[in-house]
Number of protein chains: 2
Amino acid sequence: MHLTLQQLRIFEAVARNLSFTRASEELYLTQPAISIQVKRLEENAGHPLFEQVGKKLFLTGAGEEMLKACRDVLGRLDDLDNALQDQHQQVRGPLTISAVTTSKYFMPHLLGPFLREYPEVEPRLNVTNRAKVLVRLKDNMDDLVIMGQVPEGLDLSYHPFINNSLVVVAAPDHPLARESQPIALERMTQERFLIREEGSGTRSAVDRLFAAQGLRINPYMELGSEEAIKQGAMAGIGVSVISSLSFRLEMTAGLLAVLNVEGFPLIRPWHCVYPKGKRLSRTGQVFQEFLLSRGAELLGASHFSV
Amino acid sequence: MHLTLQQLRIFEAVARNLSFTRASEELYLTQPAISIQVKRLEENAGHPLFEQVGKKLFLTGAGEEMLKACRDVLGRLDDLDNALQDQHQQVRGPLTISAVTTSKYFMPHLLGPFLREYPEVEPRLNVTNRAKVLVRLKDNMDDLVIMGQVPEGLDLSYHPFINNSLVVVAAPDHPLARESQPIALERMTQERFLIREEGSGTRSAVDRLFAAQGLRINPYMELGSEEAIKQGAMAGIGVSVISSLSFRLEMTAGLLAVLNVEGFPLIRPWHCVYPKGKRLSRTGQVFQEFLLSRGAELLGASHFSV
DNA sequence: ATAGAGCATAAACAAAAGTTAATGGATTTC
DNA sequence: GAAATCCATTAACTTTTGTTTATGCTCTAT
């Protein structure tokens, strides 16, 4: 036999009232029910917990120890109940997100308003390349993952929330920058392309677009970051395909030009993703709903819409 | 349905191992037993506690909360077990004693050696008059009570442990102080007696001794303390009956003489007493055994023996 | 001295807890 | 592709927990 939580509740009521009968009234049980439960608890403890002198009830030393433990345990379980209730109702606590590099241009514009609305959320945004994001996804290291292309072969739950427009950019003085007629894809194969590493979502999408017409781009230089690619395009080293989310400042400053190429802008949705086996926390669920319902609106431009 | 301690133990093992199967091996249960108990705990909590991604198990946020609470509760119950084990084996913690006034001359000589032997005991010795000691006894306010005459009409457990010798004392120049033949009780009725208040154990014993021969003492002055009585006897105001435990210094200094009176020394035992309904703590039991087995020896003189 | 109140015990019974055997689905490893 | 492994579910069963009714003992109050 072991002690049970019901025994602890009963013992605590008796100890607080110093009366079996009062405790039975409080707990809506009969007095023999109280008596037998206290007896069982005493057997389990190996000590008497009460002493009776005349008609008065007292706690023994062991009873004092038991009462302290009781209050600690029952109080801790109350706290647990409250914490679990919070998890149904409150939007608070940690929210861990991994996002593919390009999303660093827009994720803060989504996360900021969300955190203002839910100030008790503790965000952790990890922006890294796609390969690392995939590892974290497989290892269930995040609440949500923000990525364009969702990998196949994994059991995932994914929802598109905004559209990503990929465009071809070049230096403003590039010859094709003034071309008003759409530039054939075939023409573009003659251009030097500045590109990201193998495995990049953007790279895959562009390769597929050209492959559909039996073409392939001319990779001139592989660069490790979006910034390096922009700098190279601005310097006239070559052209590139990048997300329209990521170079607004450079456009406004007249440092980059968008080329009018057939098939562009290449619209790819951004997804929020998590493993199907995952039980998303309430905070994670609310953030996902927030992305789906208000992401496009917050980012403002119509080409962000799903 | 509520959660049970067994469910907490099972959940903690799964959470620590991150495996139902490992937990079942550790707890010598079947894997379906583990699975169903975790399921019941999740139902009770109203939240999933684990999420499974591929073959890997993870704790959810609610699971993390539950694990913290589990460790707290199970740890607290372990501490309780240890504290209760201590109460069987260790002699430590509070020991509250009330004692009638006269015992102040010998109780420290008993308590001192006991506390040296059991240094973790926390003693509380309350020395007061008999009436107050009786109130504390009835109200179960002490572990043990030290008194001479045990009251009737209460359901008490009492054990004699030393003898108290009551003798008649007078100033050294009192005429009867040089009398070598035993002094008849009748002769003493002509002496002025300095006495304690009504209800004093010593008073009762002396009254009974004289009443047995159809005599009664001549109360001259009622004094409120043992010290006052000794001072009065030394000053030649009258004679008194006091405990031989209480005037050693005055004897040695030649300030008081013991009269050789018929029927004296009047031997009365000292008892340690507690209500029969009381469950004496281990520390209280050990102290009582100490008094019974070594009290007389520690006080040295043969007339202390039971 | 008697009635009332409070706790202890026994017997009987219902409900809950706990477990196993059998089995199936999904994932990982070979 | 097959075997091994891990978790989920169902049905059946045992054990434990929990409670009530009936009753008795003891103590206190009147």
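Nothing here was measured: the structure is a model prediction, and the numbers come from that model. In what follows, every chain begins at residue 1, and chains take the letters A, B, ... in the order their sequences are listed.
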With respect to the phosphate group of D/dT16, does any side-chain polar atom (N or O) of B/Q6 fall under 4.0 Å of OP1 or OP2?
no
Drop me the distance from A/N17's CG to A/L57's CG, to the nearest 0.5 angstrom.
10.5 Å
B/E120 and B/V91, any side-chain heavy atoms less than 4.5 Å apart
no
Rounded to whole angstroms, how far apart are CG on A/N140 and P on C/dT27?
14 Å
Could you check whether A/F287 and A/F114 have their ring centres less than 6.0 Å apart?
yes
Would you call B/D139 and A/K56 a salt bridge, taking side-chain N to carboxylate O under 4.0 Å as the test?
yes
Rounding to an integer number of Å, can you tell me how far A/I10 CD1 sits from D/dG18 P?
7 Å
Take atom CZ of B/R279 and atom P of C/dC7, then tell me their distance rounded to the nearest Å.
13 Å
Quick one: which protein N/O atoms are closer than 3.5 Å to N/O atoms of nucleotides 24-30 of chain D? Pair and distance per line, please.
{"residue": "D/dC27", "atom": "OP1", "partner": "B/D155", "partner atom": "OD2", "Å": "3.4"}

Between B/K39 and B/R22, the residue closer to the 5' end of DNA chain D by nearest nucleotide is B/R22
State which of D/dC7, D/dT20, C/dT19 makes the closest approach to the side chain of B/R40.
C/dT19
What is the distance from CD1 of A/I36 to C1' of D/dT16, rounded to the nearest Å?
14 Å
Under 4.0 angstrom, heavy atoms only, what part of the nucleic acid is B/T30 near: base, sugar-phosphate, or nothing?
base
Quick one: the side chain of B/Q52 and the base of C/dA26, do they pair up donor-acceptor inside 3.5 Å?
no
Between C/dA26 (C1') and A/L154 (CG): distance, integer Å:
15 Å
Nearest-Å distance for atom pair CZ/P, residues B/F58 and D/dC7:
13 Å
Residue that, paired with B/E51, satisfies salt bridge (Lys or Arg N to Asp or Glu O under 4.0 Å) out of A/R279, A/K276, A/K278
A/K278
Phosphate-side-chain proximity, B/T21 and D/dC7, N/O vs OP1/OP2 below 4.0 Å
yes
Does a side-chain heavy-atom distance below 4.5 Å link B/Q149 with B/S204?
yes
Any side-chain heavy-atom pair of B/L59 and B/L67 under 4.5 Å:
yes
Ranking D/dG18, D/dT19, D/dC6 by distance to the side chain of A/T4, first place goes to D/dG18
Determine, using ring centers only, whether B/F11 and B/F50 are less than 6.0 Å apart.
yes
May I ask you to say what B/S35 touches in the nucleic acid, namely base, sugar-phosphate or nothing, with a heavy-atom cut-off under 4.0 Å?
base
Whole-Å gap separating C1' (D/dA8) and CD (B/Q31):
7 Å
Which part of the nucleic acid does B/I34 contact within heavy-atom distance under 4.0 Å: base, sugar-phosphate only, or nothing?
nothing
Both B/Q37 and B/P32 contact DNA chain C. Taking the nearest nucleotide for each, which residue is further toward the 5' end?
B/Q37
Could you tell me how far apart B/L5 (CG) and D/dT17 (C1') are, to the nearest whole angstrom?
13 Å
